[in-house]
Every structure is written in structure tokens, then in C-alpha cells.
Amino acid sequence: MPRLFDRQLLQPDPPSLYDFMQTLVHTDRDSPKASQLRRALSNPAAVRRARQVRPAGTGWSVPEIQHARVIAAEAVHDRVQHTPAPALFTRLRHLCLLPQDEATFIEAQKVRSMGSLSAFGWFVTREPDAGGWVLQAALATEWGKGKLFSPLAVLRLALDAEGHYQCEHGTDSPAIEIALPDDPQQPGLLPSVLDPVLQGLMVTTGTLLATLAVLNAGPHLTCTVPDQAQSAAYARRHGRGLVPYYRIQATAPSLAEVMNAGGKDA
């Protein structure tokens, strides 16, 4: 069975304003903004215009992401979504979050508690910076049955030499910078539609950071190699086989260590 990462490698087109509007309607369906967008989406002329508005750039660069190590983090996401954000960040702020690989794709599939969001993933890289590191992560999402919407946003977070994140002043929350796609012909339009979507997806950031902490806590992950026949059939249809991945188990001691006790570095 293909994972989100496999579907990302098929290089979907960059999302349009129409995609942004649909996503907000599904994510925040009871808000006045969603009601306004529903009315706009019922107007064929408005829909035609919205389909033409796209961000600069070409979406994913397959050569850049195809060598990432894929981490299946459903077990981490399940714990994070039931943990209040302040408590989670109190646990994570003293833990090492430095990615172990040059490129990592951390994903969760079959998400059932976030409206029509069915899967999400973060393509994570690291860069040395002034005695520490900068973590950069691009958010991939899938809505409903196979509607890919990626990259949705790019996150940057400064880490010190030990891999601990910088906090917002007076809090345990990470000092995150988020860049949103935009259309150079209509600056500010796409972010204005997208920002409420991101507010509803903050748990995905918690899953990203908690997974990095779990990976640094010393799990020995087993590589899952996709079924050979399924991979061959997928390759015949799409030109590439299924990618091996590593799953964090719900029973992993490192997951309990991070989520229950704040980790060994706390």
C-alpha cells in the first residue's frame, strides 16, 4: 500500500487558490469565513478565477526529496493529539530535536480526528548555523481520498548545538517561523485564505517535534520493505516502486520516555 511519501513523489501540481478555498471550507466548516467561501465556490466565474491563482514555484522538487528516510509516525501523532500543547512543549524544550539524517520525511496516515485531513507529512532538512542548527520542514497534506495539497507551508526553527529549540519569550513554545505560499501577482491573497487552515493544523507541528525527540531518544527502528508484487504493480502504473519506511511502534520505550516523563535530557 503506498504511503503519503510515495504519492508525493508523483509530483502533484502546486495548489491553486481554489484548492486553498476548498481546504478551508473542509477544515473550518462552521466559521463565517467558510460560509463566505462556500458562496464563492458556487459561482462558476469565481471558481475559474480561483483555479488560475497559484503560488510562485513548482511545488516539490522530486530529486531533492526522493532520498529522504521515511518515518511512519502514526503512534506519535496519536499521543500528541491527546496532549495539551503547553504540556507537550514543556516536555520537548530540553530534548534534542536535531534530525539524524540529511533528509527525513515524517508522516502520519489515516488521520481521523482532523476533519477531512486524511494524512500529513513533513519533509525535514537541517543546516548548520552560527554554532547551532536551523531545522527546516515543509508540510505535505492529503485531504479526503487522494487530494494532495503540498507544500502547504515551510517551517523554520533555530536549534542550539545540543539540538534544543529556541523558545518564544516567556514560554516553553518553540520560536517557529512559518512561510506561506503566495502569488506574486496578488501578494497576501493566498496567505489570508491559508492562515486559518494552519491554525487548525498546529497538532501536525507537535507531531513533527515529538517524532524528532523520539528518534533522538534511541529507538532501533526496523525497515519495512513493501510487498514486492504491490511495488511492481505500482511501478507499472506510476514509473517508480514503493519506498521502504521505518515505523515508530506505539510500544516503543523511546515514545513512552518522551511523552510520559519528558525525556532523558530534561
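Just so we're clear, the structure is a prediction, and the values are computed from it rather than from any experiment.
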So, for Arg7 and Pro2, which heavy atoms are closest and what is the spacing to 0.1 Å?
NH1-O, 2.9 Å

Heavy-atom closest pair (Phe5 atom, Ile65 atom, distance to 0.1 Å) is CZ-O, 3.2 Å

According to a hydrophobic-cluster definition based on side-chain heavy atoms being under 4.5 Å apart (Ile, Leu, Val, Met, Phe, Trp, Tyr only), do Ile178 and Leu92 belong together?
yes

Can you classify the ring geometry of His77 versus Phe120 as parallel (below 30°), tilted (30 to 60°) or perpendicular (above 60°)?
perpendicular

Is the shortest side-chain heavy-atom distance between Glu162 and Cys96 below 4.5 Å?
no

What are the two closest heavy atoms between Ala161 and Gly131, and how far apart are they?
CB-O, 3.3 Å

Non-hydrogen side-chain atoms of Asp6 and Val70 separated by less than 4.5 Å
no

Listed by chain and number, what are the side chain to side chain contact (heavy atoms under 4.5 Å, CB included) partners of Arg51, not counting sequence neighbours?
Tyr18, Val47

Within the side chain of Trp122, is there an N or O that forms a donor-acceptor pair under 3.5 Å with the backbone of Leu155?
no

ILVMFWY cluster, Ile176 and Phe89 together (side-chain gap under 4.5 Å):
yes

Cluster link Val134 to Leu208, ILVMFWY, side chain under 4.5 Å:
no

When hydrophobic residues are tied together by side-chain contacts of less than 4.5 Å, even through go-betweens, does Leu212 share a cluster with Val154?
no

Please check this pair: side chain of Thr207 against backbone of Val203, looking for a donor-acceptor N/O pair closer than 3.5 Å.
yes

Determine whether Phe123 and Phe105 satisfy the following criterion, ring pair (Phe, Tyr, Trp, His ring centres under 6.0 Å), listing intermediate values before the conclusion.
CA-CA 4 Å; Phe123 174 62; Phe105 191 82; 7.2 Å; no

With distance as the sole test, does Arg126 use its side chain to make a donor-acceptor pair with the main-chain N or O of Pro99 at under 3.5 Å?
yes

Which heavy atom in Thr211 sits nearest to a heavy atom in Ala73, and how many Å separate them?
OG1-CB, 3.6 Å

Keeping the roles fixed (side chain from Gln109, backbone from Leu4), state whether a donor-acceptor pair exists under 3.5 Å.
yes

Side-chain (Ser118) to main-chain (Glu142) donor-acceptor, under 3.5 angstrom:
yes

Should we say atom OH of Tyr234 is surrounded by more than 12 heavy atoms from elsewhere, each under 6.0 Å from it?
yes

Candidate list Ile71, Thr104, Thr222, test side-chain contact (heavy atoms from CB on, under 4.5 Å), partner Tyr246, passing option:
Ile71

Honestly, is Arg3 close enough over Tyr245, meaning NZ or CZ under 6.0 Å from the six-membered ring centre and within 45° of the axis?
yes

Side chains of Arg79 and Asn260: donor-acceptor distance under 3.5 Å anywhere?
yes

Side-chain ion pair, Arg69 and Glu102, N-O less than 4.0 Å:
no

Around Glu168, counting heavy atoms of other residues, nucleotides and ligands shown, do more than 12 lie under 6.0 Å from its CD?
yes

Does some side-chain heavy atom of Arg247 sit less than 4.5 Å from a side-chain heavy atom of Glu74?
yes

Short side-chain to backbone donor-acceptor contact, Gln100 and Leu215, under 3.5 Å
yes

Evaluate side-chain contact (heavy atoms from CB on, under 4.5 Å) for Leu157 paired with Glu177, printing each intermediate quantity in order.
CA-CA 6 Å; Leu157 178 61; Glu177 299 176 7; over 6 Å; no

Show the nearest heavy-atom pair for residues Pro174 and Leu209, with the distance to one decimal.
CG-CD1, 3.8 Å

Can you tell if the side chain of Asn43 reaches within under 4.5 Å of the side chain of Arg39, non-hydrogen atoms only?
no

Give a yes or no on whether the backbone of His164 and the side-chain of Asp160 come within a donor-acceptor separation of less than 3.5 Å.
yes

Treat each ILVMFWY residue as a node, draw an edge where side-chain heavy atoms are under 4.5 Å apart, and state whether Val124 and Leu98 are in one component.
yes

